[in-house]
Amino acid sequence: MTSTAAMYRRVWMFAWPAILSNISVPLLGLVDSGVLGHLSSEIYLGGVAIGSTLFTLVFWAFGFLRMGTTGLVAQALGQKDHQATRQWLAQSVLLALLIGFVVILIHRPLLNIALPFFNPAAEVAEQARIYFTTRIYSAPAVLINYAMVGWLIGMHRPKGPLLILITANLVNIVLDLIFVLGLDMATQGAALATVIADYTSLLLGIWVVKRTLLNKPGTFERSAILNLSSMRQLLLLNRHLFVRTLCLLGTQAFFTAQGAQSGSHILAANALLLNILLLISNGLDGFAHAAEALSGEALGQGKLDRFKQVVRVTGYCSLICAVLFLILFSLLGNQVIGLLTDIPAVAATAAEYLPWLAAMPLFAVWCYWLDGVFIGAVRTDMMQNTMLVATLLVFLPIWYFTRDMGNHGLWLAYSAFMLARSAGLAIVYRSLSRSGSWLVEDRSECVGKC
């Protein structure tokens with residue numbers, strides 16, 4: 001078995017590019033918030049908050065294109081089945097392309113159904129509509145990028161996603177400043193900048209994947225790519241991730257909607273804090289990505305001891321990162337809020353709820369880390385079940401009974417939701433470890449059941 005010191009080095013060498021690439025994603029949202037937060041009215045920030053949430057609901061619901069691909073590819077890589085790694089890539093990209101075009105076709109009915117759920121003011125609703133209907137045309141690029149990034153992580157190429165995401169986000173930031181501040185395009189400018197950046201990242205991603213394949217044996221076989229039985233396996237695996245992601249996004253959308261009903265100041269303040277939380281979660285996800293790829297490889301090789309070593313080391317690293325985030329935002333949270341908005345009422349409201357955000361890394365680190373372990377193990381059924389429990393039996397009841405607490409009750413419910421996810425996954429992990437159920441001889445059997 002790999003020595004503990006060597007495993008720590010391997011995890012950190014894998015995690016640091018993943019952390020940087022992950023952090024670049026919410027930094028983009030923070031730039032959007034920062035640019036719009038310095039305009040003359042808070043309706044732009046509120047409109048983009050709702051529009052971004054709707055966009056996230058639509059596209060992150062298909063996050064299985066990233067997560068499911070990573071687990072399957074990591075295990076195939078551990079088995080040295082290079083033909084399978086090509087097949088999973090091609091099938092995931094094909095599925096992403098199909099879903100992307102369908103989303104564009106039905107986006108207006110989706111918007112008409114979803115927007116009233118937030119009950120925004122008329123001016124805010126109009127800005128949300130402008131943002132969503134502009135940004136939706138990046139659907140094929142976004143979803144194909146999910147598949148390619150998942151494949152690169154599974155292939156132990158974390159620097160690929162780093163290059164793709166940082167380049168795209170730099171393009172987005174520059175265009176944000178040009179379109180929003182330079183050309184006074186406000187909400188539509190922010191959305192258009194993101195669309196251009198998404199297609200830029202698609203082209204760059206294709207180039208990175210092509211270079212990765214140059215040194216790998218195997219070919220793309222049309223019969224294998226279009227094999228309905230194999231595609232069915234992919235869909236069966238990902239259905240659990242789909243339900244799990246819908247629960248997560250539904251909770252976040254409900255959070256935003258309740259904030260909108262409490263007034264524009266609460267909506268805008270929650271939007272700022274949730275963007276910061278997205279920064280935190282994406283930073284912690286760097287070690288989750290390491291857990292996905294390394295645990296998947298270990299299980300693909302049938303090495304249970306190495307799998308447990310990966311879990312232990314990534315867990316310790318995740319905890320260290322969470323504590324650093326806790327210290328950082330406890331000490332400098334108000335300064336970060338001040339950088340994002342100069343609207344006094346929004347800044348003051350965000351500062352009131354800052355302690356909830358500062359404590360969130362310790363609440364959420366465990367579920368982020370264990371999500372990575374279960375993705376690598378291709379045990380997505382467990383992720384779905386624990387998410388359903390956390391949403392239906394923890395978040396919603398606690399919100400209902402703490403409505404008199406206002407926005408504090410909403411943050412309490414969300415914190416409990418994260419703790420419930422963590423506890424549920426920890427209990428399942430302990431149960432599977434005691435029963436020795438991590439190794440599966442027939443991977444197709446697992447795909448059909450898990």
Side-chain angles (χ1 to χ4, degrees), residues 14-29 55-56 58-77 85-97 99-100 138-172 194-195 197-213 216 234 237-238 241-242 245 278-279 281-297 368 371-372 375-376 378 380:
F14 192 99
W16 75 260
I19 291 173
L20 289 180
S21 60
N22 285 346
I23 286 178
S24 72
V25 176
L27 278 177
L28 177 60
F55 183 85
T56 299
V58 173
F59 288 140
W60 281 17
F62 304 107
F64 60 77
L65 292 165
R66 206 283 304 163
M67 294 180 287
T69 303
T70 297
L72 290 168
V73 170
Q75 295 213 7
L77 185 67
T85 63
R86 287 174 178 261
Q87 176 184 325
W88 294 128
L89 169 65
Q91 289 185 329
S92 294
V93 168
L94 184 62
L95 184 60
L97 185 63
I99 294 172
S138 66
V142 171
L143 298 180
I144 293 173
N145 280 332
Y146 284 177
M148 292 193 300
V149 166
W151 184 83
L152 288 167
I153 293 172
M155 292 293 290
H156 292 197
R157 293 291 187 272
K159 291 182 182 179
L162 174 63
L163 176 63
I164 293 168
L165 293 172
I166 287 183
T167 300
N169 289 335
L170 286 175
V171 170
N172 200 329
T194 304
V195 171
D198 286 335
Y199 280 100
T200 301
S201 67
L202 173 62
L203 295 176
L204 183 58
I206 292 171
W207 179 79
V208 171
V209 167
K210 186 176 180 180
R211 285 184 59 86
T212 303
L213 287 171
K216 301 296 179 184
L234 181 64
L237 169 67
N238 288 329
L241 288 171
F242 182 72
T245 305
L278 190 59
L279 172 70
S281 64
N282 277 272
L284 294 174
D285 265 349
F287 295 105
H289 288 179
E292 292 172 22
L294 297 176
S295 64
E297 179 192 41
Y368 297 153
D371 272 350
I375 288 170
V378 199
T380 54

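Applying the side-chain hydrogen bond (donor to acceptor under 3.5 Å, both in side chains) rule to Tyr368 yields no partners; only residues at least two apart in sequence or on another chain are considered. For Asp371, the side-chain hydrogen bond (donor to acceptor under 3.5 Å, both in side chains) partners at least two apart in sequence or on another chain are Arg244, Arg421. Every residue was checked against the side-chain contact (heavy atoms from CB on, under 4.5 Å) condition with Ala74, not counting sequence neighbours, and none meets it. Not counting sequence neighbours, Ser295 has no partner by the side-chain hydrogen bond (donor to acceptor under 3.5 Å, both in side chains) test. Every side-chain contact (heavy atoms from CB on, under 4.5 Å) that Ile206 has, sequence neighbours left out, goes to Met148, Leu202. Checked against side-chain contact (heavy atoms from CB on, under 4.5 Å), Ala147 has the following partners two or more places apart in sequence or in another chain: Ser92, Val93. Residues that satisfy the ring pair (Phe, Tyr, Trp, His ring centres under 6.0 Å) test with Tyr199, not counting sequence neighbours, are absent from this structure.
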Can you give each donor-acceptor pair under 3.5 Å made by side-chain atoms of residues 160-167, sequence neighbours left out, with the distance rounded to 0.1 Å?
residue	atom	partner	partner atom	Å
Thr167	OG1	Leu163	O	2.7

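Taking CG of Leu77 as the start and OG1 of Thr85 as the end, the distance is 7.0 Å to the nearest 0.5 Å. For the atom pair CG of Asn145 and OG of Ser138, the computed distance is 9.5 Å after rounding to the nearest 0.5 Å. Considering CD of Gln87 and CG of Leu72, their distance stands at 10.0 Å, rounded to 0.5 Å. Remark: Leu65 CG to Leu97 CG distance equals 11.0 Å, nearest 0.5 Å. In this structure, CG in Leu95 is found 9.0 Å from CG in Leu143, a value given to the nearest 0.5 Å.
No donor-acceptor pair under 3.5 Å is formed between the side chain of Glu297 and the backbone N or O of Gln75.
Among residues at least two apart or in separate chains, salt bridge (Lys or Arg N to Asp or Glu O under 4.0 Å) pairs with a member in residues 64-75 are Arg66-Glu292. For residues 155-166, there are no side chain to side chain donor-acceptor pair (under 3.5 Å) pairs, not counting sequence neighbours.
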Stepwise side chain to side chain contact (heavy atoms under 4.5 Å, CB included) test for Thr212 and Trp151: CA-CA 10 Å; Thr212 303; Trp151 184 83; 3.8 Å; yes
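Shortest non-hydrogen contact noted between Ala168 and Ser201 is CB-CB, 3.4 Å. Of all the heavy atoms in Phe62 and Tyr146, the pair that sits closest is O-CD1, 3.8 Å.
A side-chain contact (heavy atoms from CB on, under 4.5 Å) with Met155 is found for one member of Leu89, Leu213, Val73, Val209 and no other, namely Val73.
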